Amino acid sequence: MTKTSRYFFLLLVVLLTSCDEQDMKPIARLFSNDKANKIVVMLDSNGITASLSKTKDLYTVSVPSESSMKARALLSDFNFYFEREDLTSLLESKFASLSKLEAIKGNLLESKEISNKINTIPGVFNADVVIVGDKAKRISILVMSNADLEEDVKSSIESFLKGLVFEEDTLSVNYIVKTYKSDKE
């Protein structure tokens, strides 16, 4: 291959690749590489081509424009668009007391830590954790998966959580299994 033909071939590859990327539409921006990879795998198993890109601290999942609504429906079923209470708006509130803000901030950080630990368990697709209260906290956890979790996985999650809560706290763990028929089947 001559030098000119190599450049032509390289230019052709770049053009084809860039044309393919223009048709992609971002559907999710996440801080977690693990969740972004799980989304890409879930979309692929449902016949939707997805790409993953990273910019600064965000991972962006993109799909072809014609598949964006189906992909968004799948993500909303797994609760990926759930908005948590914004600490900034609480800080701007003139009625918020400093102790209440500290309790809310502590609960948000604790819920994020628990969620991150549960999300690393194989088979868990997404875990949402909500913690409310100051002394006697109510801890609600929703664990979502693509298939039934083994009983030993469920018991290890619950024993892990029982090690984190105090006697006066209330803990509830719910498991949801979302299954989809793949277009590939």
Side-chain angles (χ1 to χ4, degrees), residues 26-46 48 50-63 70-90 100-182:
I27 57 160
R29 289 186 173 83
L30 303 144
F31 291 106
S32 167
N33 185 24
D34 181 55
K35 277 191 179 183
N37 281 317
K38 287 178 179 178
I39 288 174
V40 170
V41 170
M42 185 266 300
L43 291 173
D44 183 61
S45 69
N46 286 284
I48 300 173
S51 67
L52 180 61
S53 60
K54 182 180 187 242
T55 55
K56 293 187 182 180
D57 291 336
L58 283 178
Y59 296 89
T60 302
V61 177
S62 301
V63 298
K70 182 179 177 185
R72 287 179 188 278
L74 288 169
L75 290 180
S76 63
D77 282 345
F78 280 100
N79 211 18
F80 274 100
Y81 296 121
F82 177 68
E83 291 289 329
R84 287 204 158 82
E85 190 172 4
D86 187 16
L87 192 58
T88 307
S89 63
L90 287 172
K100 181 180 178 184
L101 289 174
E102 286 299 319
I104 292 171
K105 180 181 173 185
N107 288 345
L108 286 173
L109 291 173
E110 187 178 356
S111 68
K112 184 173 179 90
E113 182 180 332
I114 292 171
S115 176
N116 287 342
K117 288 180 180 176
I118 294 174
N119 278 322
T120 60
I121 297 172
V124 173
F125 192 74
N126 191 25
D128 284 323
V129 180
V130 177
I131 300 176
V132 180
D134 189 17
K135 296 192 194 266
K137 296 180 181 182
R138 287 189 326 250
I139 303 167
S140 302
I141 300 171
L142 180 62
V143 179
M144 291 175 265
S145 63
N146 285 329
D148 285 326
L149 294 174
E150 301 286 328
E151 285 302 317
D152 60 333
V153 173
K154 287 182 181 179
S155 64
S156 66
I157 289 173
E158 291 168 15
S159 64
F160 161 72
L161 294 170
K162 287 179 183 174
L164 294 177
V165 299
F166 294 106
E167 194 173 299
E168 62 271 3
D169 294 341
T170 305
L171 174 66
S172 66
V173 182
N174 294 306
Y175 298 93
I176 294 180
V177 178
K178 294 271 189 181
T179 57
Y180 293 95
K181 288 211 177 245
S182 174

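Because the structure is a prediction, the values reported are computed rather than measured.
- The side-chain contact (heavy atoms from CB on, under 4.5 Å) with Ser145 is formed by just one residue from the set Val177, Ile176, Asn126; it is Val177.
- Residue Ala50 comes nearest to Val61 through the heavy atom pair CB-CG1, 4.3 Å, listed as atom of the first residue, atom of the second, then distance.
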Would Glu113 and Lys117 count as a salt bridge (Lys or Arg N to Asp or Glu O under 4.0 Å) here? Give the steps. CA-CA 6 Å; Glu113 182 180 332; Lys117 288 180 180 176; 3.3 Å; yes
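- Between Glu168 and Lys137 there is no salt bridge, since none of the side-chain N atoms of the basic residue sits less than 4.0 Å from a carboxylate O of the acidic one.
- Looking only at side-chain heavy atoms (C-beta outward), Ile39 and Leu43 come within less than 4.5 Å of each other.
- Other residues, nucleotides and ligands place no more than 12 heavy atoms under 6.0 Å from the CG atom of Asp57.
- Asn107 has its side chain out of reach of Val132: every pair of non-hydrogen atoms, C-beta onward, lies at least 4.5 Å apart.
- The shortest distance between side-chain heavy atoms of Leu52 and Asn37 falls below 4.5 Å.
- Lys154 has no carboxylate O lying under 4.0 Å from a charged side-chain N of Glu150, or vice versa, which leaves the two without a salt bridge.
- Heavy atoms only, all atoms of each residue included: Ser111 and Ile131 are closest at N-CD1, 3.6 Å.
- Rounded to the nearest 0.5 Å, atoms CD1 (Ile139) and OG (Ser172) are 9.0 Å apart.
- Listed for the Lys54 side chain is a donor-acceptor partner under 3.5 Å among the backbone atoms of Lys56.
- Taking CZ from Arg138 and CG from Leu171, the interatomic distance works out to 13.0 Å, rounded to the nearest 0.5 Å.
- Proximity of Leu74 to Arg72: side-chain heavy atoms (C-beta onward) are nowhere separated by under 4.5 Å.
- Note that the OG1 atom of Thr60 and the CZ atom of Arg29 stand 4.5 Å from one another [nearest 0.5 Å].
- Considering only heavy atoms from C-beta on, Ile157 comes within 4.5 Å of Tyr175 through its side chain.
- Val143 is listed as a side-chain neighbour of Ile118, based on a closest heavy-atom distance under 4.5 Å.
- Counting only distance, with no hydrogens or angles, the side chain of Asp169 and the backbone of Phe166 share a donor-acceptor pair below 3.5 Å.
- A distance of 6.0 Å separates NZ of Lys70 from CG of Asn46, quoted to the nearest 0.5 Å.
- Between Leu149 and Pro122, the closest heavy-atom pair is CD2-O, 4.4 Å.
- Side chains of Ser115 and Asn119: a donor on one and an acceptor on the other come within 3.5 Å.
- With hydrogens and angles disregarded, no donor-acceptor distance shorter than 3.5 Å links the side chain of Asp44 to the backbone of Val40.
- Judged by distance alone, the side chain of Lys38 and the main-chain N or O of Val124 form a donor-acceptor pair under 3.5 Å.
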Please step through side chain to side chain contact (heavy atoms under 4.5 Å, CB included) for the pair Met144 and Asp128, ending with a clear verdict. CA-CA 8 Å; Met144 291 175 265; Asp128 284 323; 3.7 Å; yes
